[in-house]
Amino acid sequence: MKNNLFLDAAFSKQTERPPVWMMRQAGRFMPQYWEIKNKYSFLEMCKTPEIAADVTMLPVDLLGIDAAILFCDILVTGEAMGGDLSFTQGVGPKFANPVRTAQDIENLNVDCLDELQYVADAIKVIQQRLNGNIPLIGFAGAPFTVMSYLVEGGSSKDFKLTKLMLHNQPELAHKLLAKIAKVTADYLNLQIAAGVNAIQIFDSWAQALSWNDYQEFSHRYIQEIISNLNRKDIPVISFCKGSSVFAPIMAEAKPDVISVDWNADLLNIKNSLPSNIAVQGNLDPHILYADQPVIKKHIHQLFERMRGTNGFIFNLGHGIMPDIPFDNVKYAIDVIKEFRY
């Protein structure tokens with residue numbers, strides 16, 4: 001690898017500056033993304049290896065980040081298991097056949113890796129294009145987050161149906177989560193075999209859970225997934241919205257990196273974790289709407305706070321919003337790359 005900054009930081013080694021990549025870095029804030037998106041549906045983009053590679057490479061070519069992340073979606077595992085998935089502009093993802101009964105769960109298929117072969121194919125194309133310059137991150141949705149979409153039938157503000165299943169029918173919830181966890185571990189190992197250099201697990205809706213529910217219905221399955229990964233030389237990043245609260249539990253699953261939302265002081269989180277767990281984060285993405293001198297000030301504040309700390313990857317506390325100006329994202333990355341400890 002010509003640029004090892006990201007992998008070194010992920011394994012808690014010293015780096016000359018923090019490496020940078022950003023969640024949703026290949027996305028709707030880029031005019032070049034829309035040039036592609038206006039020709040194809042979102043799922044066509046994910047399922048056509050050459051197109052997925054084109055989108056993955058946009059931030060590599062246009063922003064100069066230190067790690068690429070596979071262009072795909074966290075819900076492809078739910079679709080592979082039998083979910084009827086669609087994406088509608090302005091509405092988001094929908095499952096036309098929500099999973100709410102014991103029979104619905106019984107019907108879900110766990111031997112579905114063939115359905116996800118297009119992801120392995122995309123990884124191979126992307127790695128050819130990256131040509132060993134920077135690492136490629138693969139990813140999957142965490143079981144609780146994927147479960148919430150399957151049960152609700154799409155996005156939700158209150159997760160009412162999901163929480164009803166957790167509390168009224170916990171045995172059903174565990175059956176569903178166990179199936180998703182099995183598929184997720186197999187899927188991530190498929191990505192590793194295809195050539196990704198790192199893995200991130202996204203628990204996008206974990207902040208909806210109480211401390212006890214997070215332990216029972218999220219953490220135990222993430223722990224199971226990580227323990228089943230072929231992770232030799234492959235750093236594993238654990239991310240959830242709520243990581244500022246849940247980081248102590250997340251560490252018990254033994255990831256290499258915990259990605260932290262913007263509600264916490266990053267150094268305090270780092271110092272509370274075992275020394276071999278790196279941190280990733282945690283700039284509030286809304287700062288990227290601000291004037292460029294403000295962006296620079298906040299990045300430098302974070303870097304000065306983390307000065308002298310091994311195992312720090314710069315990222316946002318969550319993904320880039322679609323209407324953040326592209327020039328501000330590019331400016332932020334340039335500021336980061338000019339910084340030296």
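Keep in mind that what you see is a predicted model, and the values were worked out from it rather than measured. When a residue number appears, it is its place in the shown sequence, counting from 1.
- Between atom CD of residue Gln89 and atom CZ of residue Phe87 there is a gap of 11.5 Å, rounded to the nearest 0.5 Å.
- Looking at Ser12 and Asn276, their side chains never bring a donor and an acceptor atom within 3.5 Å of each other.
- Linking Ile, Leu, Val, Met, Phe, Trp and Tyr whenever their side-chain heavy atoms come within less than 4.5 Å leaves Val260 and Phe11 in two separate clusters.
- Aromatic pair Phe239/His318: centroids less than 6.0 angstrom apart.
- Summarising the geometry, atom CG belonging to Asn282 is positioned 9.5 Å from atom CG belonging to Asn315; distances are rounded to the nearest 0.5 Å.
- For Asp261, there are no salt bridge (charged side-chain N to carboxylate O under 4.0 Å, His left out) partners two or more places apart in sequence or in a different chain.
- Atom NZ of Lys157 is surrounded by 12 or fewer heavy atoms from other residues, nucleotides or ligands within 6.0 Å.
- Each of Leu5 and Met306 belongs to its own hydrophobic cluster when Ile, Leu, Val, Met, Phe, Trp and Tyr are linked at side-chain heavy-atom distances under 4.5 angstrom.
- Note on Leu63: it clusters hydrophobically with Trp34, by side-chain heavy-atom contacts below 4.5 Å among ILVMFWY residues.
- Ring pair Phe217/Phe144: centre-to-centre distance not below 6.0 Å.
- Shown here are the side-chain hydrogen bond (donor to acceptor under 3.5 Å, both in side chains) partners of Ser259, two or more places apart in sequence or in another chain: Gln280.
- Taking CD1 from Ile320 and CD from Gln25, the interatomic distance works out to 7.0 Å, rounded to the nearest 0.5 Å.
- At a threshold of 4.0 Å, the pair Arg100-Glu152 does not count as salt-bridged, since none of the basic side-chain nitrogens sits closer than that to a carboxylate oxygen.
- The line from OH of Tyr33 to CG of Leu62 is 14.5 Å long, rounded to the nearest 0.5 Å.
- Side-chain contact check for Asp265 versus Ile269: every heavy-atom pair is 4.5 Å or farther apart.
- Residues satisfying the side-chain hydrogen bond (donor to acceptor under 3.5 Å, both in side chains) test with Thr101, not counting sequence neighbours, are Asp104.
- Judged as a side-chain hydrogen bond (donor to acceptor under 3.5 Å, both in side chains), and not counting sequence neighbours, the contacts of Asp121 are Gln117.
- The only member of Phe139, Phe42, Tyr40 that meets ring-ring contact (aromatic ring centres under 6.0 Å, His included) when paired with Phe71 is Phe42.
- The aromatic rings of Trp262 and His286 sit perpendicular to each other, their planes meeting at more than 60°, with 30° as the lower class boundary.
- Other residues, nucleotides and ligands contribute over 12 non-hydrogen atoms within 6.0 Å of the NZ atom of Lys37.
- With sequence neighbours excluded, the residues satisfying side-chain hydrogen bond (donor to acceptor under 3.5 Å, both in side chains) with Lys47 are Glu79.
- Enclosure of atom CD in Glu106 is not indicated, since only 12 or fewer non-hydrogen atoms of other residues, nucleotides or ligands lie within 6.0 angstrom.
- The stretch residues 212-233 participates, sequence neighbours left out, in these salt bridge (Lys or Arg N to Asp or Glu O under 4.0 Å) pairs: Arg231-Asp256.
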Given Ile201 and Ile226, is the side-chain contact (heavy atoms from CB on, under 4.5 Å) satisfied, shown in steps? CA-CA 9 Å; Ile201 299 169; Ile226 292 176; 3.8 Å; yes
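- Ring-centre distance between Phe339 and Tyr341: below the 6.0 Å cut-off.
- Rounded to the nearest 0.5 angstrom, Met45 CE and Ile36 CD1 are separated by 6.0 Å.
- Between Asp66 and Arg17 there is a salt bridge, with a side-chain nitrogen of the basic residue lying less than 4.0 Å from a carboxylate oxygen of the acidic one.
- There is no path of hydrophobic side-chain contacts, each under 4.5 Å, that joins Val125 to Ile69.
- Once rounded to the nearest 0.5 Å, the distance linking CD1 of Ile137 with CG of Leu70 reads 10.0 Å.
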Please evaluate residues Arg129 and Glu50 with respect to the criterion salt bridge (charged side-chain N to carboxylate O under 4.0 Å, His left out), reporting the C-alpha separation (whole Å), side-chain torsions for both, the decisive distance (0.1 Å), and the verdict. CA-CA 10 Å; Arg129 297 205 199 169; Glu50 292 289 340; 2.6 Å; yes
